[in-house]
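Everything on this sheet refers to the single structure shown next.
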Amino acid sequence: MELIQTMIDQQLEIMAFNEDEPVNITPDDQRWDLVQAPRRGLPSLRNELAHSSSMLTIQVLGTIEFVAKIQSPIYSPDSEATVAGTG
């Protein structure tokens, strides 16, 4: 959440991470309040994503791709489906 908030605050579009780099867990990390931190961060994240954000998370992108797969056969120009009353 903190990194996403940093992206929003600094208006960053891309943030890269080295997945091979080891994660160092500090005592501050272990004291992190897993209930209060999202309560503080989620409202601004929601607003950022709801109002013309260029930031797409993998989950959001996956949802868009899934919906597109469902809708493409229904709304494609060569579809045999017709709108009620027109065909």
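Remark: I14 pairs with no residue by the side chain to side chain contact (heavy atoms under 4.5 Å, CB included) rule, at least two apart or across chains. By the side chain to side chain contact (heavy atoms under 4.5 Å, CB included) test, E21 is found to be paired with N18, residues two or more places apart in sequence or in another chain being considered.
Summarising the local packing, CD1 of I25 is surrounded by 12 or fewer heavy atoms from other residues, nucleotides or ligands at distances under 6.0 Å.
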